[in-house]
Amino acid sequence: MAGMPSADPSAGRGAETPSTSAYEPVRPHEPEPVRPTKEDEVARAGSELIGGPLGRRMLYAATWWSPVRIIALIAIGMFALGMVQKMPCYNGAWFFGTSSQYTHACYSDIPHLYQGRGFADGLVPYFDKLPGDMEYLEYPVLTGAFMEVASWVTPGSGSMPHQEKAYWMVNSAILMVCVAVVAVCVARTHRRRPWDALLVALSPALALTATINWDLLAVAFTSAAMLMWSRSRALAFGVLLGLATAAKLYPFLLLGPLLILCWRAGRWREFGAALLGTAGIWLVVNLPVMLLANDGWSKFYSFSKERPVDFGSFWLILSQRMDSPLSTETVNVLAMALMLLACLGVAALGLTAPRRPRFAQLAFLLVAAFVLTNKVYSPQYVLWLIPLAVLARPRWRDFLIWQACEVAYFLGIWMYLAYTTSGDAHKGLPTEGYQVVIAVHLLGTLYLCAVVVRDIWMPERDPVRRGGDDDPSGGALDSAEDVFVLGAAAYPARTVAHSTAGPAVKWGSAVELPR
């Protein structure tokens, strides 16, 4: 489906020419960046802290201080503040006193796994067995390679706490680069909306969780993949998505929304290139380890299957409130069934919406569904959603509501662990309180999903489309005609209500039905 021509005579096209098959998207006469302080009340109010809304005479490209560079530097600054927040643990709480790292809310897996997964002893991930309960490293291959390379740079002399702190610092330096990559990619994905990436750069949940684990590696590859797709580079998208999937499991989910949207638009060649790139590079990374050390390679997948119900999930609330908790096998089946239902729902939404949803919208919904139905939710999993949420719903109010819920969960899980590890003192958050913050996290994510679904069904409410764009992150899908739709979307074009703040927009079009 295509968009519509501009009804503004200043665009230099004259009167609008009717068409029974498609409309061109509205394009501004001068494609300058969208200013959030002009269209977002919360952004406008917040800008008063730094001098007020951005003016018309702001130079976007004539100076070194372009939006992308400003956003990258802010993201790095927020990452550095997150490192400062971890200083109580760096100065001793990781090593002395079990509950201290929880009461200071500064826990990180990185220093503990330096010795716990054999890096301090020079063991090779996936090939060498580990002492203790975990026989092999339980991370995907590319993340394991990241961890191994960081251990090479870590000094092997000094006490073990000294080495673990150095390992955390080395990893943090690399993860800081990942944060900059994420911010830059989000800023460039929507060409006219670079300032939306300020939501990523200023995200409190990103600053708090960035150095808990290695998830930012996969997030950086996924963000770069989204950028490549927005530039109509399907094979590059697939390669980057394959690398992301080799670092973490969730990125492959983006192929689902892409399949639905390419099906609706008839863009099978682009989807095929993306799928080929994803599968090809994933095999290139995984196959050598798979063939030479299959037991170690498969540990990530077997561990994910055998892992019991854990922190942050609604399954944990059920387990703690049931007299006879569900078995791990039963939860696996039920979680998979719920995820499949969510996939069907996203597919139905993509094929029946009055206008083809934007790629970022469906991608966010599917990854959010995975987060909501999974049997574990670690605090750093919020990093998976932040870039997708910004691209799907670039509104400060909704984003900050969701972030507040995630920060509440971040504090809640550490206070709960402080409670369970403080013995008879019981300092922290009891079980009932922890269940409340889990519910807050779930409701915050569901709220953001709800407003994204509303934007899909009412495209005139979509902040991106109200400005006249179709799908800036859609690449080959941007302004493409539909060839297969279901339901009311198959009917001819109709005009719906629109905001007076933007141009009139016609949503929907006549559809060439498959023969």
Side-chain angles (χ1 to χ4, degrees), residues 1-7 23-28 31 33-36 38-43 186 189-197 199-200 226 229-230 257-258 260-261 264-265 345-346 348-368 385 387-402 446-475 477-480 482 485 488-489 493-509:
M1 182 191 324
M4 73 292 158
S6 171
Y23 297 89
E24 294 179 356
V26 167
R27 301 295 185 192
V34 173
R35 299 192 295 271
K38 181 179 179 181
E39 64 173 31
D40 192 304
E41 294 181 358
V42 175
V186 173
T189 296
H190 288 178
R191 292 177 185 268
R192 295 182 58 242
R193 305 184 63 93
W195 292 109
D196 289 341
L199 291 168
V200 174
M226 292 289 291
W229 182 262
S230 73
L258 197 61
I260 297 302
L261 297 175
R264 179 162 174 166
V346 170
L349 183 64
L351 293 174
T352 61
R355 185 174 181 83
R356 186 175 56 252
R358 293 189 289 110
F359 178 33
Q361 291 175 319
L362 289 194
F364 169 78
L365 290 176
L366 198 59
V367 176
L385 291 173
L388 297 175
V390 170
L391 294 173
R393 177 67 183 170
R395 271 291 179 265
W396 284 75
R397 183 199 63 181
D398 299 323
F399 186 82
L400 292 176
I401 289 172
W402 172 58
L446 284 170
Y447 167 77
L448 201 54
C449 290
V451 293
V452 171
V453 170
R454 183 197 63 184
D455 287 348
I456 291 173
W457 279 112
M458 304 174 65
E460 70 275 11
R461 301 292 296 272
D462 183 355
V464 175
R465 284 179 162 163
R466 282 173 62 181
D469 292 309
D470 178 37
D471 186 2
S473 64
L477 300 170
D478 189 22
S479 303
D482 283 341
V485 291
R494 57 195 176 92
T495 301
V496 299
H498 61 275
S499 169
T500 57
V505 178
K506 291 183 178 179
W507 303 109
S509 70

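Not measured: the values here are computed from a predicted model. Just so it is clear, the values below take in all heavy atoms, side chains as well, and ignore hydrogens, waters and symmetry mates. Nothing fancy with the numbering, it's 1 onward along the sequence.
- Using a 4.5 Å cut-off on side-chain heavy atoms (C-beta onward), H190 and S230 make no contact.
- Between F399 and W402, a ring centre-to-centre spacing shorter than 6.0 Å is recorded.
- Between T189 and D196 the shortest side-chain heavy-atom distance does not fall below 4.5 Å.
- Within the model, atoms CG of L477 and CZ of R264 stand 11.0 Å from one another, a figure rounded to the nearest 0.5 Å.
- Remark: of the listed residues R461, R466, E460, R461 is the sole one forming a side chain to side chain contact (heavy atoms under 4.5 Å, CB included) with D455.
- To the nearest 0.5 Å, the span separating CD1 on I401 from CG on L448 amounts to 9.0 Å.
- By the 4.5 Å heavy-atom criterion applied to side chains, S473 and W229 are not counted as neighbours.
- For D398 and R395, the salt-bridge test fails: no basic side-chain N is under 4.0 Å from an acidic carboxylate O.
- Results of the side chain to side chain contact (heavy atoms under 4.5 Å, CB included) test with Q361 over I456, V453, L261 single out I456 as the only residue that passes.
- Under the 4.5 Å side-chain criterion, counting only non-hydrogen atoms from C-beta, M226 is in contact with L388.
- Between W457 and L349, some side-chain heavy-atom pair lies under the 4.5 Å cut-off.
- For the residue pair V464 and P394, the shortest heavy atom distance occurs at CG2-CG, 3.8 Å.
- Listed here is the closest heavy atom pair of P463 and R393: CD-NH1, 3.2 Å.
- In plain terms, the two heavy atoms of R358 and P472 that are nearest each other are CD-CD, 4.2 Å.
- Scanning both residues, L362 and G350, for their nearest heavy atoms gives CD1-CA, 4.0 Å.
- In this structure, V186 and L391 have side chains that are in contact, with non-hydrogen atoms separated by less than 4.5 Å.
- Salt-bridge check for R356 with D471: failed, with every basic side-chain N at 4.0 Å or more from each acidic carboxylate O.
- Within the 4.5 Å cutoff, the side chain of I260 has no heavy atoms near those of the V346 side chain.
- Classification of D470 and R355 as a salt-bridged pair holds, one side-chain N sitting under 4.0 Å from a carboxylate O.
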